[in-house]
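Quick caveat: nothing in here was measured; it's all calculated off a predicted structure. Computed over heavy atoms, backbone and side chain alike; hydrogens, waters and symmetry mates excluded.
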Amino acid sequence: MEYSHNDPELVQQPIGYWSWAAHKAVVTNIRAGLAEFGVTQPQWWAMAQVAADENGRTRAEVTEVLQGYLDVGSSLAGEIDALLVRGLLTVDGENRLRPTSEGDTVFRQCAQRQTAMRRQTHDGIADEEYLVTLKVLQRMIHNVGGEAWHH
């Protein structure tokens with residue numbers, strides 16, 4: 001791979017730009033991959049939360065985990081509603097969201113796609129390099145008083 005600058009120049013590059021550029025490239029790729037199944041990224045997150053618990057999850061439980069993801073905030077309710085309207089999720093008698101059989105199929109297809117996209121994104125990057133990258137980013141977030149958390 002050819003880098004944008006030599007090492008002494010690269011170390012002077014702004015993290016704000018490169019973290020934004022990485023975010024934009026990776027998220028655009030993820031969203032395009034999920035769109036092939038008619039699913040938005042927030043819908044995928046909601047489906048994954050519901051699928052992660054054999055008893056399903058309530059809207060409040062799903063929202064509590066996901067509300068800070070890429071600033072999805074209050075729009076998550078509409079994303080869950082869209083999954084219900086499409087018939088990918090249903091609500092049981094205890095107000096717990098559960099996947100329908102079609103929802104389970106779409107979830108599995110999206111999960112396979114996510115796995116493939118993760119492999120693509122991580123191609124040529126050793127786990128040790130990835131670990132250092134995340135620790136550096138988390139330290140930078142901490143250094144500027146920011147907060148970030150991922151389940």
Side-chain angles (χ1 to χ4, degrees), residues 4 13-151:
S4 63
Q13 289 290 301
I15 186 62
Y17 172 77
W18 289 106
S19 60
W20 167 82
H23 162 84
K24 184 176 177 184
V26 171
V27 170
T28 297
N29 186 55
I30 290 168
R31 289 180 177 174
L34 293 172
E36 291 180 26
F37 302 101
V39 174
T40 67
Q41 191 175 30
Q43 289 171 357
W44 159 251
W45 297 331
M47 291 172 69
Q49 286 299 307
V50 171
D53 190 326
E54 67 184 33
N55 297 314
R57 297 233 167 122
T58 65
R59 281 177 175 264
E61 290 169 335
V62 171
T63 302
E64 182 179 341
V65 171
L66 300 179
Q67 64 189 352
Y69 279 33
L70 300 183
D71 298 323
V72 71
S74 62
S75 69
L76 191 57
E79 300 287 358
I80 293 171
D81 289 342
L83 292 168
L84 290 165
V85 168
R86 186 170 166 199
L88 299 181
L89 293 181
T90 189
V91 179
D92 68 15
E94 297 175 2
N95 283 328
R96 299 188 76 74
L97 298 164
R98 296 182 180 273
T100 62
S101 61
E102 181 185 358
D104 187 56
T105 298
V106 170
F107 172 76
R108 290 179 193 284
Q109 291 170 329
C110 288
Q112 289 174 344
R113 179 61 55 85
Q114 284 282 54
T115 299
M117 289 185 295
R118 187 176 199 283
R119 270 194 311 271
Q120 175 190 21
T121 301
H122 288 244
D123 185 40
I125 300 168
D127 287 349
E128 297 79 15
E129 291 176 290
Y130 185 65
L131 178 63
V132 168
T133 300
L134 290 186
K135 286 183 174 183
V136 166
L137 289 172
Q138 288 183 17
R139 183 64 191 184
M140 288 178 169
I141 293 165
H142 170 80
N143 287 348
V144 297
E147 294 182 19
W149 177 87
H150 193 280
H151 73 278

Side chain to side chain contact (heavy atoms under 4.5 Å, CB included) between K135 and R139, worked out:
CA-CA 6 Å; K135 286 183 174 183; R139 183 64 191 184; over 6 Å; no
Interatomic spacing from CD1 in I80 to CG in L97 - rounded to 0.5 Å:
6.0 Å
Close side-chain approach of V50 and V62, heavy atoms under 4.5 Å
yes
Begin with the C-alpha distance, continue with both residues' side-chain angles, and end with the deciding distance and a verdict on side chain to side chain contact (heavy atoms under 4.5 Å, CB included) for E79 and L83.
CA-CA 6 Å; E79 300 287 358; L83 292 168; 5.8 Å; no
First locate atom CD1 of I15, then atom CH2 of W20, and finally report the distance between them rounded to the nearest 0.5 Å.
13.5 Å
Y17 OH to K24 NZ distance, which is reported to the nearest 0.5 Å:
8.5 Å
Tell me, yes or no, whether the heavy-atom count around Q109 atom CD, taken from other residues, nucleotides or ligands under 6.0 Å, exceeds 12.
yes
For a quick check under 3.5 Å, do N29 and Q120 share a side-chain donor-acceptor pair by atom type?
yes
Report the C-alpha separation of I30 and Q41 in whole Å, then their side-chain angles, then the decisive distance to 0.1 Å, and conclude whether the side chain to side chain contact (heavy atoms under 4.5 Å, CB included) test is met.
CA-CA 7 Å; I30 290 168; Q41 191 175 30; 3.6 Å; yes
Are F107 and W44 close enough that their ring centres sit under 6.0 Å apart?
yes
Spell out, as yes or no, whether a donor-acceptor pair under 3.5 Å connects the side chain of Q49 to the backbone of A46.
no
Does R31 reach the side chain of T40, with side-chain heavy atoms less than 4.5 Å apart?
no
Donor-acceptor under 3.5 Å (D53 side chain, R57 main chain)
no
Side chain proximity check, L89 to T100, heavy atoms < 4.5 angstrom:
no
I'd like to know if R119 pairs up with D123 as an ion pair, taking the criterion as any Lys NZ or Arg NE/NH1/NH2 lying under 4.0 Å from an Asp or Glu carboxylate oxygen.
no
With distance as the sole test, does T58 use its side chain to make a donor-acceptor pair with the main-chain N or O of R96 at under 3.5 Å?
no
Let me confirm one number: the CG-CD distance from L76 to Q43, rounded to the nearest 0.5 Å.
9.5 Å
Rounded to the nearest 0.5 Å, how far does NE2 of H122 lie from OH of Y130?
4.0 Å
Interatomic distance, T121 atom OG1 to R118 atom CZ [nearest 0.5 angstrom]
8.5 Å
Does R86 use its side chain to pair, donor to acceptor, with the backbone of G38 at less than 3.5 Å?
yes
Any sub-3.5 Å donor-acceptor pair from R98's side-chain atoms to D92's backbone N or O?
no
Answer yes or no: is there a side-chain heavy-atom contact under 4.5 Å between D81 and R59?
yes
